Amino acid sequence: MATIYIVEDDVNIREIERYALKNSGFEVEEFDRGDRMFSAARKKMPSLVILDIMLPEEDGLTVLAKLRADPDMKQIPVLMVTAKSTEIDKVKGLDLGADDYMTKPFGVMELISRVKALLRRIERIPGTEQICCGCIALDGQRHTVTVSGKTCELTFKEFELLHYLMLNEGIVLSRDKIMNQVWGFDYEGESRTVDMHIKTLRQKLGDGGALIKTVRNVGYRLV
């Protein structure tokens with residue numbers, strides 16, 4: 001059974017999230033601050049973290065940066081849940097390593113849908129597959145990506161997005177196809193989510209980012 005950590009200082013929202021997740025069969029641990037979550041994670045590693053941005057002491061973006069810098073926790077999927085809804089706030093979260101982003105207010109069915117989609121993505125990551133496209137090399141077993149021999153640190157979602165593009169090298173992939181494959185068939189997010197992830201992925205790949213081409217009014221392809 002997957003264990004979900006909720007880091008949220010609003011008691012009412014935390015209660016809604018806990019109730020929905022437990023009714024869906026998940027184990028849940030709750031925290032009102034990031035440092036308390038880290039203390040618990042040293043004893044029991046979570047399967048996924050639901051993280052609010054507006055937290056006391058350290059905000060969620062700082063907590064996220066620490067998660068991604070921790071060798072033992074950097075691959076844990078993180079779903080950001082926040083009242084901030086501007087694109088720049090989303091981009092900041094994605095740049096720091098968030099795997100998905102949901103703004104308040106939200107429906108419990110949407111929350112459960114996104115949590116399940118992220119957990120399914122973990123199960124579908126390839127085990128031994130190694131792919132090379134141009135200067136980009138992806139190792140599914142080690143969950144690593146290199147560009148011209150240099151390590152490129154990607155979030156879980158960025159890794160799976162790149163993997164899907166590389167598997168379909170030269171093929172134009174619509175935003176809908178990418179959403180269905182990377183985020184799950186029941187994902188109800190807007191297509192801008194794909195665009196923002198492509199943007200951050202290109203930046204992290206450096207010279208390799210130029211291999212991801214935009215096909216106007218359609219989607220993307222890797223060439």
Side-chain angles (χ1 to χ4, degrees), residues 49 51 53 59-80 84 86-101 118 121-122 124-183 189-223:
V49 174
L51 180 63
I53 283 187
D59 65 25
L61 294 177
T62 302
V63 173
L64 177 60
K66 288 185 175 181
L67 272 170
R68 292 307 180 224
D70 188 311
D72 296 325
M73 301 183 69
K74 66 179 182 179
Q75 298 299 340
I76 296 174
V78 176
L79 170 60
M80 301 295 290
K84 292 191 172 185
T86 63
E87 182 172 337
I88 186 63
D89 291 319
K90 292 184 179 181
V91 170
K92 285 181 180 178
L94 296 173
D95 281 345
L96 287 171
D99 295 288
D100 201 357
Y101 202 109
L118 281 175
R121 301 286 80 76
I122 296 175
R124 294 178 186 176
I125 283 294
T128 58
E129 192 168 21
Q130 296 185 17
I131 312 173
C132 292
C133 294
C135 60
I136 305 173
L138 181 148
D139 188 319
Q141 185 175 29
R142 295 181 174 83
H143 205 277
T144 59
V145 172
T146 59
V147 180
S148 299
K150 296 182 179 179
T151 300
C152 179
E153 295 290 342
L154 300 180
T155 67
F156 177 82
K157 192 64 65 180
E158 290 164 352
F159 182 90
E160 189 169 51
L161 174 57
L162 177 62
H163 175 244
Y164 184 49
L165 290 169
M166 293 176 74
L167 281 179
N168 294 276
E169 181 182 3
I171 299 174
V172 178
L173 300 172
S174 69
R175 289 176 175 82
D176 287 342
K177 284 185 178 180
I178 295 173
M179 291 284 285
N180 287 340
Q181 177 65 28
V182 180
W183 278 266
E190 57 285 319
S191 62
R192 285 294 295 161
T193 300
V194 175
D195 297 334
M196 286 188 290
H197 275 78
I198 289 288
K199 179 181 178 181
T200 56
L201 180 58
R202 280 171 169 159
Q203 291 173 343
K204 291 186 178 182
L205 291 173
D207 293 340
L211 299 179
I212 302 175
K213 304 296 183 182
T214 300
V215 180
R216 188 178 179 87
N217 297 325
V218 181
Y220 301 94
R221 71 175 174 178
L222 190 143
V223 298

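Below, all heavy atoms of this structure are taken into account, side chains as well, without hydrogens, waters or symmetry copies. None of the values given here were measured: they were computed from a predicted structure.
Scanning all heavy atoms of the two residues, the minimum distance from Gly149 to Thr146 falls at C-CB, 4.1 Å. The heavy-atom pair separating Met166 from Ile131 by the smallest distance is CE-O, 3.5 Å. Closest approach of Gly134 and Leu211 over heavy atoms only: CA-CD1, 4.3 Å. The minimum heavy-atom distance between Glu160 and Val182, with the atom names listed, is OE1-O, 3.4 Å. Lys204 and Cys152 get closest at one heavy-atom pair: O-SG, 3.2 Å. Minimum heavy-atom separation, Glu158 to Leu201: O-CD1, 4.1 Å.
Proximity of Leu205 to Leu162: side-chain heavy atoms (C-beta onward) are separated by under 4.5 Å at one or more points. Using a 4.5 Å heavy-atom cutoff, the side chains of Met80 and Leu61 are in contact. Side-chain contact check for Thr214 versus Arg202: some heavy-atom pair is nearer than 4.5 Å. By the 4.5 Å heavy-atom criterion applied to side chains, Arg175 and Thr193 are not counted as neighbours. The side-chain heavy atoms of Leu154 and Leu161, taken from C-beta on, include no pair separated by under 4.5 Å. Annotation: side chain of Thr144 is not in contact with side chain of Thr151 (no heavy-atom distance under 4.5 Å).
The neighbour count for Lys177 NZ, taken as heavy atoms of other residues, nucleotides or ligands under 6.0 Å away, does not exceed 12.
With 3.5 Å as the limit, one finds no donor-acceptor pair spanning the side chains of Asn168 and Tyr220.
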*Apply side-chain contact (heavy atoms from CB on, under 4.5 Å) to the pair Lys157 and Leu118, showing each step before the final yes or no.*
CA-CA 8 Å; Lys157 192 64 65 180; Leu118 281 175; 3.3 Å; yes
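If you take OG on Ser174 and CG on Asn180, they are separated by 7.5 Å, rounding to the nearest 0.5 Å. Residue Gln181 holds its CD atom at 10.5 Å from CG of Leu165, rounded to the nearest 0.5 Å. For the atom pair CD1 (Ile171) and OH (Tyr164), the distance works out to 8.5 Å, reported to the nearest 0.5 Å. Here the NE2-CD1 distance, from His197 to Ile178, works out to 11.5 Å after rounding to the nearest 0.5 Å. In this structure, CE on Met196 lies 12.0 Å from CD1 on Ile198, to the nearest 0.5 angstrom. Rounding to the nearest 0.5 Å gives a distance of 4.5 Å between CD of Gln130 and CG of Asp139.
In this view, Thr62 and Asp59 satisfy the side-chain hydrogen bond (donor to acceptor under 3.5 Å, both in side chains) rule, not counting sequence neighbours. Under the side-chain hydrogen bond (donor to acceptor under 3.5 Å, both in side chains) criterion, Asp207 pairs with no residue at all, not counting sequence neighbours. In terms of the side-chain contact (heavy atoms from CB on, under 4.5 Å) criterion, residue partners of Ser148 (sequence neighbours excluded) are, by chain and number, Cys135. With sequence neighbours left out, Lys150 forms a side-chain contact (heavy atoms from CB on, under 4.5 Å) with no residue at all. Legend: residues meeting salt bridge (Lys or Arg N to Asp or Glu O under 4.0 Å) with Arg221, ordered by chain and number and at least two apart, are absent.
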Distance-only check: which donor-acceptor pairs under 3.5 Å involve side-chain atoms of residues 64-71, not counting sequence neighbours?
unit_1, atom_1, unit_2, atom_2, d
Lys66, NZ, Glu58, OE1, 3.3
Lys66, NZ, Glu58, OE2, 2.4
Arg68, NE, Gly97, O, 3.0
Arg68, NH1, Lys74, O, 2.5
Arg68, NH1, Ile76, O, 2.8
Arg68, NH2, Ile76, O, 3.0
Arg68, NH2, Gly97, O, 2.9
Arg68, NH2, Asp99, OD2, 2.8
Asp70, OD1, Asp72, N, 2.8
Asp70, OD1, Met73, N, 3.4

